[in-house]
Student: 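Submitted below is the structure of interest, expressed as structure tokens.
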Amino acid sequence: MPKPAPKTFAVKSFGCQMNVYDGERMAELMAAEGLSPADAADADLVVLNTCHIRERATEKVYSDIGRLRKHGDPMIAVAGCVAQAEGEEIFARAHVDVVVGPQAYHNLPRLVADAAAGRPALDTDMPVASKFGALPARRKVGPSAFLTVQEGCDKFCTYCVVPYTRGAEVSRAFAAIVDEAKALVDAGAKEITLLGQNVNAWADADGRGLDHLIRALDRIEGLARIRYTTSHPNDMTEGLIDAHAQVERLMPFLHLPVQSGSSRILKAMNRSHTRDSYLRVLDKVRAARPDIALSGDFIVGFPGETDADFEETLRLVDEVRYAQAFSFKYSPRPGTPAAEMADQIAPEVMDERLQRLQAAINRDQLAFNEASVGRHCPILIERKGKLPGQMLGKSPWLQSVHLITDARVGDMVEVTIESAGPNSVGGVERLRAAA
Ligand code: 5AD
Ligand code: SF4
């Protein structure tokens with residue numbers, strides 16, 4: 001049964017930061033169409049902006065659809081990477097109204113109108129023309145904003161669905177990005193995080209890389225901080241490493257996934273870097289910016305991973321001393337080469353390896369936070385804390401900082417870090433920068 005055209009909407013994003021960005025853009029698009037934002041529980045239209053990177057992310061979507069159906073009968077649009085990967089199958093497996101892929105969401109208003117008129121509403125095309133030009137301008141954002149500059153991936157790591165769901169590597173045009181950055185700053189952003197599946201593979205038509213873009217954003221008045229994520233070790237150019245030494249507004253933080261400490265497993269993963277080449281990149285980055293906070297991603301239990309391979313991962317962690325890191329159990333993704341490989345690892349082995357790896361990462365995370373006690377640094381206030389008078393913000397090294405202050409969201413506050421826990425640090429205000 002077709003549903004009436006919706007008057008209210010909610011967007012729920014799962015997974016990575018790019019989905020958060022896409023979710024914001026879809027919300028802006030629906031608001032520009034005259035729909036009002038509402039809670040997912042009572043919205044006429046619920047957009048589930050999905051993630052396909054691991055099994056549980058997909059399962060969450062289907063249970064969310066079930067929950068929404070139990071409590072009402074909203075129009076449901078499935079967007080994001082599950083929409084791209086499953087396409088029409090979603091209609092067969094769950095009762096939804098719209099399926100729209102990550103490169104087609106600028107067509108959401110038309111698809112919603114089609115669904116309301118009882119027409120099939122599916123768009124998983126990856127058009128050559130970018131969706132960005134068809135989206136409304138940025139108007140209101142928080143102090144820390146995301147900006148997608150690059151999408152897709154040509155690396156084809158053997159475990160990963162991204163090259164299939166997000167498509168080939170595409171860089172947005174320099175001028176469009178600078179315009180959006182300026183609009184974000186006008187809309188209230190003090191910090192911009194440049195996003196891409198391989199953000200450091202960004203290049204313009206003349207072959208200039210991400211460092212060129214960062215240097216251009218560095219000239220935008222009112223922008224205090226620049227970050228970028230996620231990077232590939234092979235695309236860490238000299239220019240980008242130099243930018244870490246030279247561009248003050250580029251924050252001292254680098255998320256550089258390694259996935260495994262074993263060169264044998266990295267080869268099977270088709271990572272195109274080795275343990276040593278990865279460590280050499282980190283040496284260069286640390287030489288350019290000695291206080292840089294390092295972050296990474298790890299997969300445990302990739303097919304064929306032996307105890308000895310895993311020990312190499314632990315040794316790499318010991319050597320790097322990450323400020324933070326994410327670790328995951330390998331999840332076979334349909335259609336990827338690794339899903340067909342022999343020697344899939346037993347779940348209990350994965351569990352045990354994940355626990356050991358996370359214990360090592362937590363140890364280093366706490367040590368990093370403890371080592372920052374006594375540091376003076378600016379904090380960008382992002383939101384209220386739980387305690388009266390408490391606010392939360394981020395340090396240059398991306399630590400969550402809590403402090404008692406009468407500063408407001410969006411203020412930059414000079415603090416001294418005074419206490420450290422595994423997931424955050426406590427600060428005391430020194431003086432307030434002029435807003
Ligand atoms: N199984 C487990 N983790 C994965 N990742 C990507 N694909 C898989 C998979 N099939 C992890 C990688 C990547 C992060 C975003 O998700 O560590 O860097
Ligand atoms: Fe996936 Fe590898 Fe591309 Fe990262 S570099 S998105 S892990 S294929």
Side-chain angles (χ1 to χ4, degrees), residues 13-21 50-60 80-82 84-85 102-103 148-171 193 195-202 210 228-236 254-262 265-274 277-278 281 294-305 310 313 316-317 320 322 324-341 343-345 347 349-351 353-354 357-358 361:
S13 289
F14 303 84
C16 66
Q17 289 154 321
M18 192 173 289
N19 263 12
V20 174
Y21 174 88
T50 62
C51 171
H52 198 52
I53 198 98
R54 285 172 294 275
E55 198 75 59
R56 269 196 298 179
T58 319
E59 290 314 312
K60 241 196 238 160
C81 289
V82 173
Q84 192 66 38
Q103 304 309 345
T148 293
V149 304
Q150 180 282 337
E151 274 195 80
C153 184
D154 297 338
K155 306 277 192 293
F156 290 93
C157 299
T158 52
Y159 51 80
C160 187
V161 285
V162 166
Y164 312 96
T165 59
R166 289 273 171 176
E169 278 178 17
V170 177
S171 295
T193 303
L195 296 181
Q197 269 87 35
N198 268 301
V199 72
N200 58 342
W202 182 89
L210 189 67
Y228 62 94
T229 198
T230 286
S231 297
H232 191 282
N234 285 9
D235 294 318
M236 282 310 294
L254 176 64
H255 179 67
L256 199 63
V258 62
Q259 316 299 357
S260 168
S262 154
I265 293 296
L266 289 172
K267 188 149 190 254
M269 287 176 164
N270 192 32
R271 283 292 292 178
S272 67
H273 63 82
T274 62
S277 68
Y278 175 82
V281 171
L294 295 171
S295 165
D297 287 345
F298 293 88
I299 296 175
V300 300
F302 184 82
E305 184 187 68
F310 177 65
T313 297
L316 180 127
V317 169
V320 174
Y322 289 95
Q324 57 159 76
F326 303 94
S327 45
F328 311 101
K329 285 188 270 187
Y330 168 71
S331 166
R333 306 286 66 213
T336 60
E340 310 296 319
M341 287 180 186
D343 283 338
Q344 301 281 327
I345 304 298
V349 175
M350 287 207 219
D351 285 336
R353 287 180 187 167
L354 188 69
L357 178 58
Q358 290 188 337
I361 291 167

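Side chains included, hydrogens not; waters and symmetry mates left out as well; all remaining heavy atoms used. Whatever order the structure lists them in is the order used to number ligands and atoms, beginning at 1. This structure is a prediction, so every number in the text was calculated from the model and none was measured.
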Student: Which is closest to atom 6 (S) of ligand 2 by heavy-atom distance: N198, V162, N270?
Tutor: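 Ranked by closest heavy atom to atom 6 (S) of ligand 2, first place is V162.
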Student: Within less than 4.0 angstrom of ligand 2, does R166 place any heavy atom?
Tutor: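 Contact absent.
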Student: Among all protein heavy atoms, pick the one closest to atom 2 (C) of ligand 1 and tell me residue, atom and distance.
Tutor: K329 O, 3.3 Å
Student: Got a sec: does the NZ of K155 have more than 12 other heavy atoms crowding it under 6.0 Å?
Tutor: yes
Student: Any side-chain heavy atom of Y330 sitting closer than 4.5 Å to one from I345?
Tutor: no
Student: Which heavy atom of the protein is the closest neighbour of atom 10 (N) of ligand 1, given with residue, atom name and distance?
Tutor: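 Heavy-atom neighbour on the protein nearest atom 10 (N) of ligand 1: S331 O, 2.8 Å.
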Student: Are Y278 and L266 side-chain neighbours, meaning at least one heavy-atom pair lies under 4.5 Å?
Tutor: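 SC-SC contact between Y278 and L266 ruled out.
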Student: In terms of residue, atom name and distance, what is the protein heavy atom nearest to atom 3 (Fe) of ligand 2?
Tutor: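 The answer is C153 SG, 2.2 Å.
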Student: Quick one: look at R54 and ligand 1, take heavy-atom pairs under 4.0 Å, and tell me if it's side chain, backbone, both or neither.
Tutor: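 Answer for R54: side chain.
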Student: Please could you name the atoms of ligand 2 that H232 approaches to less than 4.0 Å, counting only its heavy atoms?
Tutor: 5 (S)
Student: Checking a contact table here: which protein heavy atom is nearest atom 18 (O) of ligand 1, and how many Å away?
Tutor: D297 OD2, 2.7 Å
Student: Any idea which part of I53 is under 4.0 Å from ligand 1, heavy-atom wise: side chain, backbone, both or neither?
Tutor: both
Student: Which residue and atom name correspond to the protein heavy atom nearest atom 7 (S) of ligand 2, and how close is it?
Tutor: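 Result: Y159 OH, 3.2 Å.
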Student: Side chains of L294 and L256: closer than 4.5 Å at any heavy-atom pair?
Tutor: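 Sidechains of L256 and L294: no contact.
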Student: I need the nearest protein heavy-atom contact for atom 7 (N) of ligand 1: residue, atom name and distance, please.
Tutor: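 Looking only at protein heavy atoms, the one closest to atom 7 (N) of ligand 1 is Y159 CD1, 3.3 Å.
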Student: Let me check your reading of the structure: within less than 2.8 Å of atom 3 (Fe) of ligand 2, is there an N/O/S atom from C160?
Tutor: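 Checking atom 3 (Fe) of ligand 2 against C160, no N, O or S atom falls under 2.8 Å.
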Student: To which protein heavy atom is atom 12 (C) of ligand 1 closest, and what is the distance rounded to 0.1 Å?
Tutor: Q259 OE1, 3.4 Å
Student: Donor-acceptor check, side chain of T229 to backbone of H255, threshold 3.5 angstrom: yes or no?
Tutor: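 Judged by distance alone, no pair lies under 3.5 Å.
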Student: Do the two ring centres, one from F156 and one from Y164, sit under 6.0 Å apart?
Tutor: yes
Student: When you look for heavy atoms under 4.0 Å from ligand 1, do you find them on the side chain of F328, its backbone, both, or neither?
Tutor: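 For F328, the contact with ligand 1 is made by the side chain alone.
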Student: Going by the atom numbers of ligand 2, which of them fall below 4.0 Å from some non-hydrogen atom of R271?
Tutor: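 So the answer, numbered in order with elements, is 2 (Fe), 5 (S), 7 (S).
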Student: Between P163 and ligand 2, find which residue part has any heavy-atom pair under 4.0 Å and reply side chain, backbone, both or neither.
Tutor: side chain
Student: What do you reckon, are the aromatic ring centroids of Y159 and F328 less than 6.0 Å apart?
Tutor: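 No, they do not, as the ring centres are separated by 6.0 Å or more.
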Student: Which atoms of ligand 1 sit under 4.0 Å from any heavy atom of Y330?
Tutor: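 Numbered from 1, ligand 1 contributes 1 (N), 2 (C).
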Student: Is it true that a side-chain atom of N200 and a backbone atom of D235 form a donor plus acceptor pair closer than 3.5 Å?
Tutor: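 Between the backbone of D235 and the side chain of N200 there is a qualifying donor-acceptor contact (under 3.5 Å).
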Student: Any donor and acceptor pair, going by atom type alone, linking the side chain of S331 with main-chain N or O of E55 inside 3.5 Å?
Tutor: yes
Student: When you look for heavy atoms under 4.0 Å from ligand 2, do you find them on the side chain of C157, its backbone, both, or neither?
Tutor: both
Student: Please check: side-chain N/O of Q150 versus main-chain N/O of Q197, any donor-acceptor pairing under 3.5 Å?
Tutor: yes
Student: Can you check whether T313 reaches R353 side chain to side chain, under 4.5 Å on heavy atoms?
Tutor: no
